[in-house]
Amino acid sequence: MGIYLNPGADLFLEARRDEIYVDKSALIEELNKVYGKSRKYVCVSRPRRFGKTMAANMVCAYYDRTVANEVFDGLAITMSPDFACYRGVADVLRINMQEFLSRAKDMTDLLLRLSRIVLRDLFREYPDIEYFDREDLVECMQDVYQETQRPFVIVIDEWDCIFREYPHDTAAQRKYLDFLRDWLKDKAYIGLAYMTGILPIKKYGTHSALNMFTEYSMENPRNFASFVGFTEDEVEGLCAKYDMDFAECRAWYDGYCFPEAAHIYSPKSVVEAMLSHRYDAYWNSTETYEALKVYIDLNEAGLRDAIVQMMGGASISIDTTTFQNDMTTFTSADDVMTLLVHLGYLGYDIDRGEVFIPNNEVRREYVTATKHGEEWRIISDTLKASDDLLAAVFEKDAAAVAAGVEKAHLETSQIQYNDENALSYTLSLAFYSARRFYNIVRELPAGKGFADLVFLPRPQHAEKPALVIELKWDRTAETAIRQIKEKEYAGALADYAGEVLLVGVSYDKKTRQHEAVIEEWQQ
């Protein structure tokens, strides 16, 4: 067993020994489908702290011929009919590219060091092979394969660190990509190439130097969707085991959605919440808010407006096709928002082509990132007023509510304000503080129609009143209250035992004034 060649199962077993271990070994079944075939090149990209390294260690342990079958006892993959067919069939090379980058003075040094270290392990394992050129990595791997007829599985973790740490050094990036292409592409000795990172593979124009890879990203993870994070069933089971409220967990950490997996949770955050028995922001705790702020402060045309609307609960249509898969080449707000999808700061609905802020944990990052700087003053002022507005609703102070919504409108007036939809975005941002206590539902099916906004207290805040909010553009707030009653919107809360407040909010486009009416619903 070498350091990089056939590294064994120690790192994977460390993960299995953790207090919380969620079995994601079914991922291997998907890899077995492409092993030794033309689609044997797999690139998995997802945000930091989303389990990429653990999965890489698992893949290494499975294919490593020096690892015993018992390492996988009790895991889902053992139920696959192909488990024994591919278990231990390869020589595995595990490369953490960040490790090599941190020790190299430039790209030439990095690639030379990588080649020399891999060659050292090959020569130790296979000393008797007659190598044609002992300084050529590709030639030596071909020589080993020719002798053993045993393919290599190459696992590269943090493959994209070069693009993240040296984003402007295009010459180094090209040299790196050319090395990977020459090492991996069209090589018979490759049984599987599995790369993980945060970014998808870098584009140059319309092409990629690594176009043989199939990509599974936050934009479109396809059949790998259930391995991006924790699924709803997995999280519900953990909440039951650790006696944690599942609805609260969903509000904090759910929000990443894909056609193949509608609810994906941030795994780092769920684990920390279970172990500490407290819901809080954990995913980004090792990185400052500047990581987000640097991108939203770019304010590519329309970006600030989009951020404001998403903080108010909106989804924004974007075009992801112009994104160049790096952290510097931005030609539009869409490019910046696509990067934020890959970094985990936005969710993406591929069917609708829309991005959104996925959950309360991530939304807090946007609040922090917009607290500082004159360019975000309109947001910070609105958020500061949000507590007062919510208190005014609780006190049934309609005049104060109308004044608070009016203030939010003035401070977010860059949003086109000409219909009930725009009024809804303004109101959602104005009531930002409510997200600490409520699940906010737009267009809730209720009675004889759809309630515009319904604020449902989460179980930990059951003392708060539920809110049914109806919005009217150029009509009266009384009309809004009357519609709630006539269409029985509040009936959707018939089983709710607490207080329910009916809130009508209107905007008169002639007087440019807001009006509010608040009543307690009598069940």
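- Taking Thr78 as the reference, nothing meets the side chain to side chain donor-acceptor pair (under 3.5 Å) condition, with sequence neighbours excluded.
- In this structure, the salt bridge (Lys or Arg N to Asp or Glu O under 4.0 Å) partners of Lys485, at least two apart in sequence or on a different chain, are Glu519.
- Take Asn325 and apply the side chain to side chain donor-acceptor pair (under 3.5 Å) test, not counting sequence neighbours, and it matches no residue.
- With sequence neighbours excluded, the residues satisfying side-chain contact (heavy atoms from CB on, under 4.5 Å) with Glu99 are Tyr4, Asn96.
- Every residue meeting the ring pair (Phe, Tyr, Trp, His ring centres under 6.0 Å) condition with Phe323, not counting sequence neighbours, appears here in chain and number order: His342.
- With sequence neighbours left out, the side chain to side chain donor-acceptor pair (under 3.5 Å) criterion links Asp23 to Ser25.
- Looking at residues two or more places apart in sequence or on another chain, you find no salt bridge (Lys or Arg N to Asp or Glu O under 4.0 Å) involving Glu361.
- Not counting sequence neighbours, the partners of Asp160 by the salt bridge (Lys or Arg N to Asp or Glu O under 4.0 Å) test are Arg164.
- Evaluation of the side chain to side chain donor-acceptor pair (under 3.5 Å) rule for Thr329 yields Asp326 as partners, not counting sequence neighbours.
- Under the 4.0 Å criterion applied to side-chain N and carboxylate O atoms, Glu232 and Arg250 are assigned as salt-bridge partners.
- The ring pair (Phe, Tyr, Trp, His ring centres under 6.0 Å) check on Phe213 picks up Tyr41, with sequence neighbours excluded.
- Scanning for salt bridge (Lys or Arg N to Asp or Glu O under 4.0 Å) contacts around Arg17 gives an empty result, with sequence neighbours left out.
- Among residues two or more places apart in sequence or in another chain, the side-chain contact (heavy atoms from CB on, under 4.5 Å) test is passed with Val71 by Ala9, Phe12, Leu13, Val67.
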